[in-house]
Each structure stands twice: as C-alpha cells, then as structure tokens.
> 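Here it is, the structure, as structure tokens.
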Amino acid sequence: MSSFSDEAFSLEFFPPRDQVSRERLVGTAKQLMAMHPRYVSVTFGAGGSTRDGTAETVSMFSQLGCEAAPHLSCIGASKAALVQLLDHYKASGIRRIVALRGDLPSGMGGNDSDYRYASDLVGLIREHSGDWFHIEVAAYPEMHPQADSPQHDLDNFVTKVNAGANSAITQYFFNADAYFDFADRAAQRGVTIPIVPGIMPITNHTQLLRFSQMCGAEVPRWIRLRLAQFGDDKASIRAFGADVVTQLCQKLIDGGVPGIHFYTLNNAEATLSIWKNLHY
Ligand code: FAD
C-alpha cells in the first residue's frame with residue numbers, strides 16, 4: 001500500500017507578465033489551494049529577466065498562506081546579484097529555493113556569469129546562507145539535452161546533490177520507467193534525497209511538442225499520434241491528456257514516489273482534473 005498523502009503535491013507557476021494575467025493568476029491560485037499543496041514554486045527567467053516578477057509572485061502566494069519557493073538561476077548572473085536576492089528572500093522569511101543553472105535566451109551571452117553550473121549555485125547558497133534554505137535542484141530522467149551521456153549527466157547530478165541539495169524535481173516525462181530507472185541509478189550512487197517527479201498536464205498539442213523539443217522530453221509516438229488525430233478538438237485533447245497523465249501519476253504513486261510536482265502553466269483546470277481523478 002502506498003504511503004502517498006495529499007500533502008505530497010507541489011505546484012509550479014510562472015510570473016505573470018501584466019496586470020490582467022496577475023489578476024487571473026490570483027483566481028487560479030485560489031482554485032488550486034483546494035489541493036493543499038506542500039509548497040508552490042515560481043520560475044525565474046534566466047539572466048534575471050523575471051527577477052522582480054518572481055519575487056512578487058512568491059510574495060502573492062505567501063499572502064495566500066502557502067509556502068512559496070522562488071526559482072533562482074545562476075547563468076548570466078553575478079555573485080553580487082545572486083547574494084542580494086538570497087538576502088532579500090531570507091529577510092522575507094522564504095525557506096525554500098529551487099536552484100538552477102538556467103538557459104539564456106539565444107543571442108544573450110553568458111559573460112556576466114560568475115557561476116557555470118547549478119552545483120556552483122548550490123555551493124554559493126550553502127556558503128552564504130548556511131542551512132537557512134531547503135534547496136531543490138533539477139533532475140533529468142531522460143538526460144539533460146546538453147549532456148553527452150546519461151552516465152555523465154548522473155555524475156553531474158550527484159555532484160549537485162553533494163554540494164548541498166535537499167531534494168530534486170525532475171523534468172517532465174511520459175514514461176514512468178525513465179523515472180524509476182533514474183531514481184534507481186541515483187540510489188546506487190548513494191543519493192538519498194527525495195527525487196520528486198515533475199508532471200506536465202497535456203492540454204495543447206503544439207505547445208507540448210514545442211516544449212518537449214526544447215527540454216529533451218520524449219513524447220511517445222502513441223501519444224503524438226492520438227493528439228494529432230484530435231486536430232483542433234480541444235475538449236478531446238484535454239480529456240485524453242487528463243487520462244494519460246492520471247495513469248502516469250497513479251503508476252508513479254504506486255511505485256512509491258515521494259511527491260508529485262505539477263507544472264501548472266498558470267492554469268488550474270488541467271492540474272485539478274488529474275488531482276481529482278487520483279481521488280485526493
Ligand atoms: P545543471 O545541473 O548545471 O546541468 C546543466 C548541464 O550541465 C547538464 O547537461 C549537466 O550534465 C551539465 N553539467 C553540470 N555540471 C557539470 C560539470 N561540473 N561539468 C560538466 N558538465 C556539467 N530554467 C529557467 O531558466 N528558469 C526556471 O525557473 C527553471 N525552472 C526549472 C525547474 C525544473 C524542475 C526543471 C527540471 C528545469 C527548470 N528550468 C528552468 C530549466 C533549466 O534551467 C534547464 O534545464 C537548464 O538547461 C539546466 O539547468 P540545471 O539546473 O539542471 O543545470
């Protein structure tokens with residue numbers, strides 16, 4: 001029997017770009033609070049492009065009474081800028097941070113970076129802020145797209161964990177075996193921190209293929225074929241997507257995962273329908 005509890009869900013959001021999206025996000029957030037998430041996290045545009053938006057959105061969630069964790073990426077950032085943000089978050093009572101390398105938008109050089117990899121950022125956070133923050137890092141069951149082999153990617157993940165991470169969230173995937181294989185290999189290397197699967201609800205065929213192409217997540221052929229067959233029929237895509245992702249989550253829960261982190265894309269409906277299907 002799985003010991004998975006309804007407190008094991010966490011949710012990810014991105015900072016809204018304008019006032020209308022900001023107001024919409026407050027409504028979305030209130031709906032999703034029905035899930036009693038363990039915490040929510042808010043993404044960060046690499047190079048600091050959403051710095052203020054991330055901090056403001058984190059503060060909005062804190063005001064709703066939910067633990068909120070800012071993402072922080074080191075690519076394109078100076079040590080001084082990172083330390084300033086860490087101090088700001090600490091002074092605001094934030095206790096959890098998602099520490100990433102990040103990806104610079106094309107055309108934006110990384111010459112201002114004092115740090116090259118997420119493991120360097122984890123090291124900085126520990127050096128500067130001690131144990132104040134619970135540090136989440138990213139993991140890639142299907143391998144990070146820039147890694148030269150699954151073995152080297154795992155080596156780099158282990159380095160990042162040993163630099164002081166407390167838990168990890170994975171890139172999304174649609175094949176549960178990829179997650180279990182990665183978690184087993186990490187455990188064999190002595191990794192004991194929780195590795196929480198990141199789950200992407202399926203709501204939009206084109207967007208899913210675009211995201212997956214960028215981040216190296218495999219969309220299985222049978223899912224691609226079914227989505228193509230639905231064409232512009234959004235309701236069928238959503239219904240099919242909810243079924244597929246619910247089954248994936250159930251398989252992961254049955255296999256003993258320590259939590260589930262939903263990439264909500266600032267949308268309540270898709271995540272809520274999967275959560276309800278899971279009977280939480
Ligand atoms: P790293 O762990 O540094 O790894 C990056 C690459 O470098 C990998 O190929 C790794 O194998 C390699 N590597 C690591 N260390 C070394 C080393 N010492 N020597 C040689 N190679 C090494 N991006 C954003 O911009 N903002 C966000 O808010 C954001 N949130 C995310 C949340 C989650 C849960 C996930 C999974 C990803 C997120 N991303 C975000 C995307 C992420 O920034 C990219 O995937 C990025 O390309 C890698 O970031 P990382 O922290 O995994 O990097």
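Every heavy atom of this structure was used, including side-chain atoms; hydrogens, water molecules and symmetry mates were not. Every number for a ligand or one of its atoms is a count from 1 in the order of the listing. Just so it is clear, the model here is predicted, and its values are computed rather than measured.
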> Does a side-chain heavy-atom distance below 4.5 Å link F174 with I202?
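Yes; the side chains approach each other to less than 4.5 Å.
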> Can any side-chain N or O of D153 pair as donor or acceptor with the backbone N or O of H144 at less than 3.5 Å?
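Yes, D153 side chain to H144 backbone: donor-acceptor pair under 3.5 Å.
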> Hey, does H144 come in under 3.5 Å of ligand 1, counting only N/O atoms on both sides?
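Among all N and O atoms of H144, at least one is under 3.5 Å from an N or O of ligand 1.
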> Considering only heavy atoms of T43, which atoms of ligand 1 have at least one such atom less than 4.0 Å away?
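What qualifies from ligand 1 is 28 (O).
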> List the closest protein heavy-atom neighbour of atom 36 (C) of ligand 1: residue, atom name, distance to the nearest 0.1 Å.
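Of every protein heavy atom, A138 CB, 3.5 Å lies nearest to atom 36 (C) of ligand 1.
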> So among I125, L72, N166, which one has a side chain to side chain contact (heavy atoms under 4.5 Å, CB included) with F133?
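Single side chain to side chain contact (heavy atoms under 4.5 Å, CB included) partner of F133 among I125, L72, N166: I125.
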> Identify, for atom 44 (C) of ligand 1, the protein heavy atom at the shortest distance, and state residue, atom and that distance.
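Here the nearest protein heavy atom works out to D103 OD2, 3.2 Å.
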> Taking both backbone and side-chain atoms of I169, is any N or O found less than 3.5 Å from an N or O belonging to ligand 1?
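No, since none of the N or O atoms of I169 sits under 3.5 Å from an N or O of ligand 1.
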> Please work out whether any backbone atom (N, CA, C, O) or any side-chain heavy atom from C-beta onward of S73 is under 4.0 Å from ligand 1, and answer side chain, backbone, both or neither.
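S73 to ligand 1: no contact under 4.0 Å from either part.
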> Please state which protein non-hydrogen atom is closest to atom 32 (C) of ligand 1 and give its distance, to 0.1 Å?
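So the nearest neighbour among protein heavy atoms is H71 CE1, 3.6 Å.
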> Would you mind reporting whether H261 and Y39 have side-chain heavy atoms less than 4.5 Å apart?
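The answer is yes, as the side chains (C-beta and beyond) meet within the 4.5 Å cut-off.
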> Could you tell me whether a side-chain N or O of W132 sits under 3.5 Å from a main-chain N or O of G93, the two making a donor and an acceptor?
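Not confirmed, W132 side chain does not pair with G93 backbone.
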> In terms of hydrophobic clustering (I, L, V, M, F, W, Y; side-chain heavy atoms under 4.5 Å; direct or indirect links), are L265 and F61 co-clustered?
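Yes, because L265 and F61 connect within a single hydrophobic cluster, where side-chain heavy atoms sit under 4.5 Å apart.
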> Report the residues that fulfil salt bridge (charged side-chain N to carboxylate O under 4.0 Å, His left out) with K90, sequence neighbours left out, ordered by chain and then residue number.
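With neighbours one apart ignored, the set is empty.
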> Under 4.0 Å, heavy-atom basis, I'd like to know which part of Y263 is in contact with ligand 1: side chain, backbone, both or neither.
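Side chain only.
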> Within the structure, does F44 bring an N/O atom to less than 3.5 angstrom of an N/O atom in ligand 1?
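In this structure, F44 places an N or O atom under 3.5 Å from an N or O of ligand 1.
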> Among all protein heavy atoms in this structure, tell me which lies nearest to atom 23 (N) of ligand 1, with the distance rounded to 0.1 Å.
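The answer is G102 CA, 4.1 Å.
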> Considering only non-hydrogen protein atoms, determine which one is nearest to atom 11 (O) of ligand 1 and report residue, atom name and distance to 0.1 Å.
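The closest one turns out to be D153 OD1, 2.6 Å.
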> Hydrophobic clusters here meaning ILVMFWY residues chained together by side-chain heavy-atom distances under 4.5 Å, can you tell me if Y140 and M214 are in one?
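No.
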> Examine the proximity of ligand 1 to R101 and report which part, side chain or backbone, both or neither, has a heavy atom under 4.0 Å away.
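The answer is both, backbone and side chain.
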> Check this for me - ligand 1, N156, N or O atoms closer than 3.5 angstrom, yes or no?
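In this structure, N156 places an N or O atom under 3.5 Å from an N or O of ligand 1.
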> Would you say K160 has any N or O atom under 3.5 Å from an N or O of ligand 1, going by distance alone?
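Such a contact does occur with ligand 1.
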> Relative to the ring of F9, is the ring of F4 parallel (under 30°), tilted (30 to 60°) or perpendicular (over 60°)?
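The rings of F4 and F9 stand perpendicular, inter-plane angle above 60°.
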> Which residue and non-hydrogen atom of the protein lie closest to atom 52 (O) of ligand 1, and at what distance in Å?
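For atom 52 (O) of ligand 1, the nearest protein heavy atom comes out as Y140 OH, 2.7 Å.
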> Treating S59 as the side-chain partner and A55 as the backbone partner, does any N or O pair qualify as donor plus acceptor under 3.5 Å?
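Pair absent, no side-chain N/O of S59 close to backbone of A55.
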> Tell me which protein heavy atom sits closest to atom 3 (O) of ligand 1, plus the residue, atom name and distance to 0.1 Å.
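So the nearest neighbour among protein heavy atoms is A118 N, 2.8 Å.
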> I'd like to check whether S119 has a polar contact with ligand 1, where a contact means an N/O of the residue lying under 3.5 Å from an N/O of the ligand.
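It does not: no N or O of S119 is found under 3.5 Å from an N or O of ligand 1.
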> I'd like to check the side chain to side chain donor-acceptor pair (under 3.5 Å) partners of E142; sequence neighbours left out, ordered by chain and number.
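For E142 there are no side chain to side chain donor-acceptor pair (under 3.5 Å) partners, ignoring immediate neighbours.
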> Against heavy atoms of Q171, which atoms of ligand 1 measure under 4.0 Å?
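So the answer, numbered in order with elements, is 36 (C).
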> For atom 20 (C) of ligand 1, what is the nearest protein heavy atom, given as residue, atom name and distance?
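Of every protein heavy atom, Y117 OH, 3.3 Å lies nearest to atom 20 (C) of ligand 1.
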> Kindly confirm or rule out an N or O of L100 lying under 3.5 angstrom from an N or O of ligand 1.
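Among all N and O atoms of L100, none is under 3.5 Å from an N or O of ligand 1.
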> Treating Ile, Leu, Val, Met, Phe, Trp and Tyr as nodes and any side-chain heavy-atom pair under 4.5 angstrom as an edge, say whether F240 and F211 lie in one connected cluster.
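The answer is yes; both residues are in one hydrophobic cluster.
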